[in-house]
Amino acid sequence: MTNELKPARVRFAPSPTGHLHLGGLRTALFDWLYARRTGGQFVLRIEDTDQKRYNPESLNSLTRGLHWLGLDWDEGPDCGGPFGPYVQSERKAFYATYAQQLVDAGHAYRCYTSETELEELRKQGKEYDRRHRSLTAAQRAAFEAEGRAYVIRFAVPLAGTTVVADAVRGNVVVENQRIPVDPVLVKSDGMPTYHLAVVVDDHLMEITHVLRGEEWLPSAPLHVLIYAALGWEKPVFVHLPIILDPSGKGKMSKRKPVVDGREMPVFVSDFIQEGYLPEAVFNFLANTGWSFDGERDIFTRAEAVARFDVKDISAKATALDYKKLEWLNGIYIRSLAPADLKAHLLPFVAAALGIDEAVLAADQRFDHLIPLIQERIKLLTEAAPLIDWAFSEEIIYSDPAKLVGKKLTAAESVAVLKAGAALLQSVEPFTLHNLEEAFRAQAETMGVKIGSFLAPFRVAITGKTVSPPLFESMVVLGREESVRRVAKAQAVLESYARAAV
RNA sequence: GCCCGUAUCGUCUAGUGGACUAGGACUCAGCCCUUUCAAGGCUGCGACCGGGGUUCGAAUCCCCGUACGGGUACCA
């Protein structure tokens with residue numbers, strides 16, 4: 001298709017403080033979508049300017065999460081690029097240079113107020129009072145002579161307004177007086193704050209579109225002011241709507257929300273662990289805050305890339321609909337070729353059953369079971385409980401009453417089981433078709449509805465009242481084991497029937 | 001408190017002044033199919049936050065109110 005959009009340079013700039021969150025993943029996804037749509041570049045940059053909250057493990061989980069979703073970047077800490085380094089802690093020299101430039105131009109100043117002094121102000125309900133904004137040379141020299149630590153603060157204009165041009169909201173106008181009083185640009189430890197670093201890096205890396213969460217909108221005017229003070233051209237701001245807790249009240253937090261009594265995943269690692277397919281999460285996330293069109297909910301990566309545009313992003317915060325995500329995951333599971341589903345299922349089922357992956361992979365029963373459960377699961381984790389019976393040595397009929405078919409007495413169920421056992425032994429060959437034919441004929445002969453007739457066998461074979469299709473299950477198990485289970489069930493039910501009388 | 005943003009079925013959304021008796025999807029209910037459970041098919045319930053304007057005409061534009069969300073750090 002013709003590409004009418006200019007190639008964009010976008011970046012995903014997470015801070016490595018913990019696990020990658022769904023909201024962060026969505027931001028990364030939109031970044032990627034826009035870069036790919038326009039034929040531009042997707043840059044990964046690590047914003048680790050807060051050494052107190054730095055968590056070295058988060059970088060791994062971050063790249064793992066992005067790769068899992070199928071996102072790739074053109075420049076970043078791992079692969080380098082022409083605008084490196086891509087880790088902010090390695091870019092301190094840049095920030096120092098531009099901070100000094102701002103100070104020299106009178107747009108920023110050294111503030112010697114200590115954190116304890118600030119704390120006292122705060123206790124009195126006051127904010128910073130710009131006390132060092134216009135120090136005389138002598139005052140400044142005195143502080144320096146004392147060896148006092150300082151921060152560099154931005155001198156926010158005392159009057160006027162600042163306009164943030166946001167691609168999804170239009171112009172947001174803010175009075176400069178409402179911008180927080182002279183925000184810190186460089187901390188006393190020499191590290192820049194987000195505000196300085198993000199502006200310097202986005203400019204130096206030639207970022208054209210800044211996609212980030214809406215929580216940044218309030219500080220965007222400050223950023224606009226910094227761009228102006230430095231004489232730089234601004235990027236296009238695209239503030240993405242916040243992803244809300246499923247209840248719709250409040251941002252998603254680290255705490256797992258509970259839906260229908262179940263705890264739902266919040267970190268990307270949770271989604272991986274709980275059996276979600278990356279394609280489904282991709283599709284779902286693309287639909288939160290953006291939509292393919294009014295009619296289709298399901299689309300491929302390529303289709304999303306071909307249609308994505310930042311101007312179509314919604315400004316409305318969205319509650320996470322886990323039910324819909326699960327439904328979508330089910331759709332994607334059903335669309336998988338059996339071999340692919342097997343590959344996805346292997347680690348989950350092997351772990352749940354306590355079987356070695358290689359052993360399970362070679363087990364023919366597993367192959368035969370997969371098509372039987374494909375349309376019955378929404379999550380990969382749901383497979384094991386559906387097929388564990390096929391791999392257990394012994395079925396325990398702890399509740400013999402379950403072996404009784406609907407509208408049947410225990411004694412009648414014993415008779416059913418007995419008749420079926422005979423069939424299991426005689427059917428030749430032991431195939432789906434033959435079994436079904438024989439059982440249906442027998443049920444009719446005995447005047448029992450097929451559903452009731454089969455119920456005792458379902459429990460005998462699988463130990464459960466809900467299972468994959470029965471005849472298929474018997475075939476998977478084989479004649480011998482099927483006969484053995486039915487015989488045991490029959491014995492259990494007989495003694496239960498006797499006791500009941 | 002102050003600042004900013006947002007406001008269509010319970011949820012995700014389509015809708016950019018007339019094509020809207022407001023469309024799709026999830027959820028929920030019912031029916032069909034059916035060896036259980038699913039899957040699938042069909043049907044149904046269900047919304048333009050309120051009030052003022054502007055206009056021949058408003059879900060769509062403006063104002064006020066309300067509600068919700070976000071921000072208000074030497075965190076990002």
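What you see is a predicted model, and the numbers here were worked out from it, not measured in a lab. In the text below, chain A, chain B and the rest are named by the order of the sequence lines, each starting its count at 1.
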### Message
Which nucleotide, if any, forms a Watson-Crick or G-U wobble pair with B:rC28, using both distances under 3.5 Å?
### Response
B:rG44

### Message
Does B:rU8 have OP1 or OP2 under 4.0 Å away from a side-chain N or O of A:K316?
### Response
yes

### Query
Nearest-Å distance, CD (A:Q51) to P (B:rA76)?
10 Å

### Query
OP1, OP2 of B:rC74 versus side-chain N and O of A:R122: anything below 4.0 Å?
yes

### Task
May I ask you to say what A:D50 touches in the nucleic acid, namely base, sugar-phosphate or nothing, with a heavy-atom cut-off under 4.0 Å?
sugar-phosphate

### Task
State whether a side-chain donor-acceptor pair under 3.5 Å links A:E144 with A:Y150.
no

#### Entry: Base-pairing mate for B:rC61 - Watson-Crick or G-U, with both contacts under 3.5 Å
B:rG53

### Message
Ignoring hydrogens and geometry beyond distance, is the side chain of A:K324 in donor-acceptor contact with the base of B:rC12 at under 3.5 Å?
### Response
yes

### Message
Under 6.0 Å from the ring centre and within 45 degrees of the ring axis: does the NZ or CZ of A:R45 meet both conditions for the six-membered ring of A:F12?
### Response
no

### Minimum-distance nucleotide to A:E295 side chain [options: B:rC26, B:rG24, B:rC74]
B:rG24

### First of A:E472 and A:G289 reached from the 5' end of RNA chain B, by closest nucleotide
A:G289

### Message
How many whole angstroms separate atom CG of A:D182 from atom P of B:rC74?
### Response
11 Å

### Task
Answer yes or no for A:R110 and A:F143: cation-pi contact, defined as NZ/CZ to six-membered ring centre under 6.0 Å and angle to ring axis within 45°.
no

### Task
Check the angle between the aromatic planes of A:F453 and A:F439 and answer parallel, tilted or perpendicular using the 30° and 60° thresholds.
perpendicular

### Task
Return yes if the base of B:rC74 and the side-chain atoms of A:T193 contain a donor-acceptor N/O pair under 3.5 Å, otherwise no.
no

### Query
Which comes earlier along RNA chain B counting from the 5' end, the contact point of A:Y112 or that of A:L454, where each point is its nearest nucleotide?
A:L454

#### Entry: Under-4.0 Å side-chain N/O to phosphate OP1/OP2 contact, A:T17 with B:rA76
no

### Residue A:L217, side-chain heavy atoms: nucleotide from B:rC2, B:rU35, B:rC4 that is nearest
B:rC4

